[in-house]
Amino acid sequence: MRRLRQEAPGALETDGDRLRASVICDASHMLSHLDAGELEASVELYTGPFLAGVHLPDAGVQLEDWIFATREFLAAQVRGALLTLAERAAARGDFAAGATLAERACWLPGAADPEPEQFTRLLTVLMAGQSPLFGRLRQQARDYEIGLTLTPDEARQALFKWQPQAARLRPGLPLRGTSFVGREEERAELLRSLARPEVRLLTLVGPGGIGKTRLALEVAQAAQQQGEAVFISLEAAVSLGPLPGAIADALGLTLPAEQPPFKALLSALGTRPILLVLDSAEHLLVGAPYLTTLLLACPGVRLLVTSRERLGLEDEWALTLGGLGLPAAGASFEAAIEAEAIHLFAQRAKRARLSFDLTTDDLPPVSRIGELVGGSPLGLELAAAWVKLMSPAEIAEEIGRSLNFLEAAGGDFPARHHSVRAVFEQTWARLTSAEAQVFARLSVFRGGFTREAAGAVAGASLPLLAALVDKSLIRVVEHGRFDIHALLQQFARERLAGQAQDEQQVLDVHGAYFLNLCQSFAEAIRHNQEEKRWLERMDQDIENVRAALDVWLERGQAEMALRCSLALRNFWARTGRTREARTWFALGMAHQVVTQRTLEATLLCDGEMAMHMHDYAVARAQLQMSLSLTESRAGTSPLTVLLLGSVHHSLGELDASSLHYERALRDFHAAGVQVGVAASLNNLGTVQMARGDLQAALKTFEEALQVKREVGGTSILSSTISVSSIGGLDALKRRRCTSDRPYRD
């Protein structure tokens, strides 16, 4: 590895425990040319099978499988390019050149046998060019029960007749007056997928306004470099019945009147390679099986469909489209303006007001706009149009206030994209009553939710969740969680607000669910059970907890808010959120309608958090108030006393600190809380060491360690173990530990 880094710096990138090669090779260049539709350049780069002649004696099965799979994949891409070039040459009347290219495609080194539909295309070109290899390929095709009875003239006519039609297809794809921004990864993935022979039906799925149509057009523009491509809008269609006529019109074909339109279309298409882009198919799903018949009858046809939900067909492949990328946290201005969402906003804003230039002051509100619209291209374009009247900061404020702001005031937006609300209303109208009810209820979640939470709070069954995923209303994200696009969530929240009784009930259940989750977290931490997993879980759901806290405080239910905040005591401290914890504590105590015990616990935790923030004066005051309330009811709180000892210790008040630690030790002993006993001994040892009484400190530390070993756990500072395991006064004298810091758990 070291030698490789020296000989080829930058050749490998590390990703955790994995390695990734970053060397750009001829195969990468070849695929890039294919993605760009530069077929001649890609074919020239193919010099033979991938890694031919490379022998790795220690290669495992996985590596060998990868090499052979990559070899066949690359060869298949080149064969497809050669076949397309051969057909183009034949369509121009250069049948000899077409046959030469087809011969090369037939027996391309590294390639597997041709696909069934490729046999027919190859045989047609070879027959048209009267290639001597026609007979050899025909025999090979017969093994697959594929035959061809065309004469040379019929083959030439079949190839040549498509030339004028192909010329008419170029302007058949709708043109856009604005440039295409972003989606490089998705565009490349779609082109690669459509080049694979097994991918005949590819659905681009996503919510309204996410950019499905525009991306499909970009893909079609690139794909037509390798064959015909036409765009058919289904927005106004009430069924798929008119589709044959629409396809024929786009291709410049005249279907015979004496035949049924669909049958006539199948006959006209035959085996010719063509990409049909069917836009906005979500309202025609009942007729979707019609597309399967089209694919079976026409082996050269591929379908790229845009829809707000999957078609549900067996042959369907799908790519779900999300929002445009936002800047990474802490990104520089130069890096942030290259983010897709920022770039699109800036470009469209420039169009609305020519003098607009994105500045460093504009970047935060523009990023906020991107977050509010969830990276939706439609949302960004509608927002950017307002820069002629408002600043980005004002636009962000208006979007946060109401969805109604995102509405086109004229311009060239399609009718269905006149406003974000109109887009969502179309989707809402197609939901069943159960789907609509669950989707509205799910809007109370913040930062995503689990399947269990969705079931408990919104009554969402697994089939209902699956249906909402298929309709692009919720998304599956990492860790088995779901979330809702920001604009869709705002829309659904409005729907829920229109059902006041249901809204109040859902909010109550949401709060109860997350209060219970926080209390389960506290219990698990108290018993040292899966601490890492629980901390991660609470980090994932902290936005939901905050939402519940906001609702309780707004309703004046301070007791509930404080109980929840207190249950997260260890979470606040261990994740560096002490300032936030103190904010919630202050908001809760400001209501002055909480029980005395809750007030005692809140003052204790607030004092502890203040101590973590080194605000010792406030910490001492809050802890003393908590202890006074406890003593007023003749109670004891050894933890409060222990923390007061830590505060005095931090202030250098060793005598007061020692007295509190000794008192805490007695109270923990009396209560039978051995973890507290160990903590008190540990902290008392730090005071003794600070005074220079090392012999006493060693004895106290060893006693603390013994108690801790008896109860188990890992919450005592490692310094205690370090001192005792090293053993002896020399270690204490060298201060090879951190036991001068008192234990505060």
- Query: Are the side chain of Lys212 and the backbone N or O of Ser280 linked by a donor-acceptor pair below 3.5 Å?
  - Reply: no

- Query: Passes side chain to side chain contact (heavy atoms under 4.5 Å, CB included), Leu204 versus Val305? Steps please.
  - Reply: CA-CA 6 Å; Leu204 192 52; Val305 182; over 6 Å; no

- Side chains of Phe231 and Leu276: does their closest heavy-atom pair fall under 4.5 Å? no

- Item | Value rounded to 0.5 Å, distance of CG in Asp279 from CD1 in Ile232 | 10.5 Å

- Donor-acceptor side-chain pairing of Glu316 and Thr203 below 3.5 angstrom: yes

- Would you check if Phe333 and Leu363 make a side-chain contact, meaning some heavy-atom pair closer than 4.5 Å? yes

- Query: Any side-chain heavy atom of Leu473 sitting closer than 4.5 Å to one from Leu442?
  - Reply: no

- Item | Check against side chain to side chain contact (heavy atoms under 4.5 Å, CB included), Leu303 and Leu295 | CA-CA 8 Å; Leu303 297 176; Leu295 293 172; 3.9 Å; yes

- Item | Residue pair Ile342 / Pro327: nearest heavy atoms and the distance that separates them | CG1-CG, 3.5 Å

- Query: Do the ring planes of Phe482 and Phe449 sit parallel (below 30°), tilted (30 to 60°) or perpendicular (above 60°)?
  - Reply: parallel

- Query: Where do Pro364 and Thr360 come nearest, in terms of heavy atoms and distance?
  - Reply: CD-O, 3.3 Å

- Side-chain donor/acceptor of Glu340 to backbone N/O of Gly325, under 3.5 Å: yes

- Where do Arg200 and Asp315 land on the salt bridge (Lys or Arg N to Asp or Glu O under 4.0 Å) test, with the steps shown first? CA-CA 7 Å; Arg200 302 277 311 286; Asp315 295 331; over 6 Å; no

- Message: Would you say that Glu185 contacts Glu189 through its side chain, given a criterion of any heavy-atom pair below 4.5 Å between the two side chains?
- Response: no

- Does any non-hydrogen side-chain atom of Leu321 lie less than 4.5 Å from one of Leu215? yes

- Query: Are any non-hydrogen side-chain atoms of Leu85 and Glu40 less than 4.5 angstrom apart?
  - Reply: yes

- Message: Before you tell me yes or no, could you show the steps for Ile474 and Asp483 under side chain to side chain contact (heavy atoms under 4.5 Å, CB included), namely the whole-Å CA-CA distance, both residues' side-chain angles and the distance that decides it to 0.1 Å?
- Response: CA-CA 6 Å; Ile474 64 176; Asp483 75 355; over 6 Å; no

- Message: Once rounded to the nearest 0.5 Å, what's the spacing between atom CD of Glu334 and atom CD of Glu338?
- Response: 9.5 Å

- Query: If only atom types and distance count, is the side chain of Gln489 paired as donor or acceptor with the main-chain N or O of Phe445 below 3.5 Å?
  - Reply: yes

- Decide, yes or no, whether a salt bridge links Arg121 with Glu87 under the criterion of side-chain N to carboxylate O below 4.0 Å. yes

- Query: Is any side-chain N of the basic residue among Asp357 and Lys350 closer than 4.0 Å to the acidic one's carboxylate O?
  - Reply: yes

- CE on Met390 to CD on Glu398, rounded to 0.5 Å: 4.5 Å

- Item | Inter-residue atom distance Ser376.OG - Leu382.CG, 0.5 Å rounding | 8.0 Å

- Can you check whether Val387's main-chain N or O pairs, donor with acceptor, with Arg353's side chain at less than 3.5 Å? yes

- Side chains of Leu344 and Leu324: closer than 4.5 Å at any heavy-atom pair? yes

- Query: Do Val469 and Arg475 come within less than 4.5 Å of each other through their side chains, counting heavy atoms only?
  - Reply: no

- Task: Please report the closest heavy-atom contact between Ala86 and Gly98, naming both atoms and the distance.
- Result: CB-O, 3.3 Å

- Mark yes or no for whether Tyr46, through its side chain, and Leu74, through its backbone, hold a donor-acceptor pair below 3.5 Å. no

- Item | Ile484 CD1 to Leu468 CG distance, which is reported to the nearest 0.5 Å | 8.5 Å

- Message: Which heavy atom of Phe345 sits nearest to which heavy atom of Leu380, and what is that distance?
- Response: CD1-O, 3.9 Å

- Does Arg310 CZ have over 12 foreign heavy atoms under 6.0 Å away? no

- Item | Any donor-acceptor N/O pair, Arg368 side chain to Ala396 backbone, under 3.5 Å | no

- Query: Does any N or O in the side chain of Arg446 come within less than 3.5 Å of the main-chain N or O of Ser443, such that one atom is a donor and the other an acceptor?
  - Reply: yes

- Task: Considering non-hydrogen atoms only, spot the tightest contact between Leu108 and Ala75 and give its length.
- Result: CD2-O, 3.3 Å

- Message: Go through it in stages, so that I can follow the logic: the residues are Leu326 and Glu371, the test is side chain to side chain contact (heavy atoms under 4.5 Å, CB included), and I'd like the CA-CA distance, side-chain angles, deciding distance and then a yes or no.
- Response: CA-CA 8 Å; Leu326 294 164; Glu371 293 172 358; 4.0 Å; yes

- Message: What's the separation between atom CG in Leu101 and atom CZ in Arg79, rounded to the nearest 0.5 Å?
- Response: 14.0 Å

- Work out which heavy atom in Ser193 is nearest to a heavy atom in Leu202; give both atom names and the distance. CB-CD2, 4.1 Å

